[in-house]
Amino acid sequence: MFDFSKTVDRHGTWCTQWDYVADRFGAPDLLPFTISDMDFPTAPCVLEALAQRLSHGVLGYSRWKNDDFLHAVTHWYQTRFHCRMDAQTLVYGPSVIYMVSQLIRQWSAPGEGVLIHTPAYDAFYKAIAGNERQVLGVPLHYLNGEWQYDEQQFEAQLARADCKILLLCSPHNPTGKVWRREELQRMAALCERHGVRVISDEIHMDMVWGTAVHTPWSETGGKNGALFTSASKSFNIPALTGAYGFIADARERELYLAALKGRDGLSSPAVLALVAHIAAYRDGAPWLDALRDYLESNLRFVAQELNGAFAQLNWQPPEATYLAWLDLRSLALDDEALQKSLIEQEKVAIMPGYTYGDEGRGYVRLNVGCPRAKVEDGVKRLIRAINRQL
């Protein structure tokens, strides 16, 4: 019904992943598996809704707080996660990271600490440092087939007088960990005990595989915190901008919205982002389910090829995200030498694990949100580069 094998040429479209790959990797014309967007056109229902809105011709100021948008979001949570979300607690923003940054400013002071699980999405480090806050980390370790953290170490960080916020990535990027409901409940209880607020970035919530189940923070965290997300990852529409979330506490919600409109002048949303979200959440489920099957198959292919070439890796696909977090530590490779070979000889751009902190050394992150032919090409190049280092 939906064909995800078709290649779409993204060159010349001001595309970060393809046209500006040299900005991060120092060389142009590399085959990219980098920033977490996909090489697929968005869902037909979204394209049709955008075309219809554009045909109206008037692109004036708009409002996000309308019944169509609110109902579409709450409908999505009801049908996908079996959660009844209170539309009165919903807030809007231009991006998840903007919303995260705003609450970092709202809930902490310069010099205070924000706790994250490491390795961490690189934008988290930038948002914390850019707002003059201190990064506090608790490492994730892969043990007995799952990502775990030391709860005593976690609570010790929460107990610090300068720790004000837990910035949670759920599901976790880059590891692909899906937090169990029991884990979220324990984190919520510890954060409440130590007076630490929680910001939960759930932008990968729709990309969960197998038997794993995503639990929204609102189901376990009560009024202690905020949940922020967007349809941008699931439906490949980040260029439209637009994100939303839920802040249960009425005063904190009012403070957030006052800063959005008063301080930052963001009183009118991008209307095409609203149109896209409404169409995606009303009619996009069949497309998304087909895409999920395709992406999960891509991840299984990566495992098959890598483990076939290097049996000692025994790499298993993640529980969530279309980002393959590849543990190459058993091969004892030099990270910088591997990147040099990938870029200069294989002409491929794959994110080095150290981008996500020191705990990422020995890993690479491969984006499989693309047609299978591209994945096949990229994995072949990766295998050749690894063999060159052995």
Side-chain angles (χ1 to χ4, degrees), residues 36 80-81 96 100 114-125 135-155 157-158 166-191 198-221 225 227-229 233-234 292 295-296 298-300 302-303 306 313-329 351 353-369:
S36 57
R80 304 299 286 195
F81 306 113
V96 167
V100 167
V114 178
L115 179 60
I116 57 176
H117 294 91
T118 58
Y121 174 39
D122 53 323
F124 278 13
Y125 296 107
V135 174
L136 306 178
V138 58
L140 288 169
H141 303 283
Y142 195 67
L143 301 170
N144 303 318
E146 65 176 331
W147 289 95
Q148 304 176 29
Y149 65 96
D150 186 315
E151 194 167 290
Q152 288 185 332
Q153 184 181 8
F154 178 72
E155 184 168 13
Q157 293 282 46
L158 293 177
L166 168 64
L167 178 49
L168 182 67
C169 194
S170 178
H172 186 263
N173 175 14
T175 66
K177 174 182 174 59
V178 174
W179 300 99
R180 307 294 184 264
R181 180 179 288 267
E182 295 75 18
E183 291 176 310
L184 294 172
Q185 288 171 335
R186 289 200 300 273
M187 282 193 280
L190 289 172
C191 287
V198 180
I199 306 171
S200 185
D201 174 349
E202 304 190 8
I203 202 166
H204 293 282
M205 63 187 187
D206 294 312
M207 299 298 183
V208 174
W209 319 123
T211 59
V213 176
H214 173 70
T215 302
W217 178 257
S218 55
E219 293 290 284
T220 59
L227 183 169
F228 293 147
T229 190
K233 287 289 186 288
S234 308
R292 284 163 42 84
L295 293 173
E296 194 170 6
N298 276 353
L299 289 166
R300 288 196 299 267
V302 173
L306 271 184
L313 291 182
N314 191 30
W315 182 78
Q316 302 301 313
E319 294 179 313
T321 83
Y322 49 81
L323 306 167
W325 183 240
L326 304 176
D327 184 355
L328 307 179
R329 291 175 299 169
M351 297 296 287
Y354 52 75
T355 300
Y356 311 99
D358 287 340
E359 288 82 5
R361 291 201 166 271
Y363 292 81
V364 295
R365 196 191 78 170
L366 179 77
N367 177 354
V368 303

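Residue numbers run from 1 in the order of the sequence given. Excluded from the calculations below are hydrogen atoms, water molecules and symmetry mates; all remaining heavy atoms, backbone and side chain alike, are included.
The CZ atom of Phe124 lies 4.0 Å from the CG atom of Leu167; values are rounded to the nearest 0.5 Å. The OG1 atom of Thr175 sits 12.0 Å away from atom NE2 of His141, with the distance rounded to the nearest 0.5 Å. Between atom CD of residue Glu183 and atom CZ of residue Phe154 there is a gap of 10.5 Å, rounded to the nearest 0.5 Å. Here Thr321 contributes atom OG1 and Met205 contributes atom CE; the two are 14.5 Å apart, rounded to the nearest 0.5 Å. In this structure, CG in Leu184 is found 7.5 Å from OG in Ser200, a value given to the nearest 0.5 Å. A distance of 9.0 Å separates CG of Leu190 from CE of Met187, quoted to the nearest 0.5 Å.
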- Query: Going through the distances and angles, do Ser36 and Tyr121 end up as a side chain to side chain contact (heavy atoms under 4.5 Å, CB included)?
  - Reply: CA-CA 11 Å; Ser36 57; Tyr121 174 39; 5.6 Å; no

- Determine, step by step, whether His117 and Trp179 satisfy the ring pair (Phe, Tyr, Trp, His ring centres under 6.0 Å) criterion, reporting the C-alpha distance in whole Å, the side-chain angles of both residues, the deciding distance to 0.1 Å, and the verdict. CA-CA 12 Å; His117 294 91; Trp179 300 99; 4.6 Å; yes

- Message: Using side chain to side chain contact (heavy atoms under 4.5 Å, CB included), reason through Leu326 and Val302 one step at a time and then give a plain yes or no.
- Response: CA-CA 10 Å; Leu326 304 176; Val302 173; 4.1 Å; yes

- Determine, step by step, whether His172 and Leu140 satisfy the side chain to side chain contact (heavy atoms under 4.5 Å, CB included) criterion, reporting the C-alpha distance in whole Å, the side-chain angles of both residues, the deciding distance to 0.1 Å, and the verdict. CA-CA 10 Å; His172 186 263; Leu140 288 169; 3.6 Å; yes

- Given Thr355 and Tyr363, is the side chain to side chain contact (heavy atoms under 4.5 Å, CB included) satisfied, shown in steps? CA-CA 10 Å; Thr355 300; Tyr363 292 81; over 6 Å; no

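No donor-acceptor pair under 3.5 Å is formed between the side chain of Gln185 and the backbone N or O of Thr220. In terms of modelled atom types and a separation under 3.5 Å, the side chain of Arg292 and the main chain of Asp206 share a donor-acceptor contact. A donor-acceptor distance shorter than 3.5 angstrom exists from the side chain of Gln157 to the backbone of Gly137, with no hydrogens or angles considered.
Side-chain contact between Val213 and Val208 is absent, with no heavy atoms from C-beta onward closer than 4.5 Å. Considering only heavy atoms from C-beta on, Pro139 comes within 4.5 Å of Gln153 through its side chain. Counting heavy atoms from C-beta outward, Arg300 and Glu296 have side chains that approach closer than 4.5 Å. Side-chain contact between Leu313 and Asp327: absent, with no pair of heavy atoms (C-beta onward) separated by less than 4.5 Å. Taking 4.5 Å as the limit, some side-chain heavy atom of Leu328 sits within range of a side-chain heavy atom of Val364. Residues Leu227 and Ile199 are not in side-chain contact: their nearest non-hydrogen atoms beyond the backbone lie 4.5 Å or more apart. Looking at Asn298 and Tyr322, their side chains never come closer than 4.5 Å, going by heavy atoms from C-beta outward. Side-chain contact between Asn173 and Leu323 is present, with heavy atoms from C-beta onward closer than 4.5 Å.
Remark: Asp150 CG is packed, more than 12 non-hydrogen atoms of other residues, nucleotides or ligands lying under 6.0 Å away.
Of the candidates His204, Glu219, Glu202, Glu202 is the only one forming a side-chain hydrogen bond (donor to acceptor under 3.5 Å, both in side chains) with His214.
When only modelled atom types and interatomic distance are considered, Asn314 and Gln316 share a side-chain donor-acceptor pair under 3.5 Å.
Aromatic ring pairs are classed by plane angle as parallel below 30°, tilted from 30° to 60° and perpendicular above 60°; the pair Trp325 and Tyr356 is perpendicular.
Pairing each heavy atom of Ser170 with each of Thr215, the nearest pair is OG-O, 4.5 Å. Contact record, Pro174 with Arg365: CB-CD, 3.9 Å, taken as the closest heavy-atom pair. Heavy-atom minimum distance, Leu299 versus Trp315: O-CZ3, 3.7 Å. Nearest heavy atoms, Ala120 versus Ile116: CB-CD1, 3.7 Å.
Salt bridge Glu319/Lys177: absent, no basic N to carboxylate O contact under 4.0 Å.
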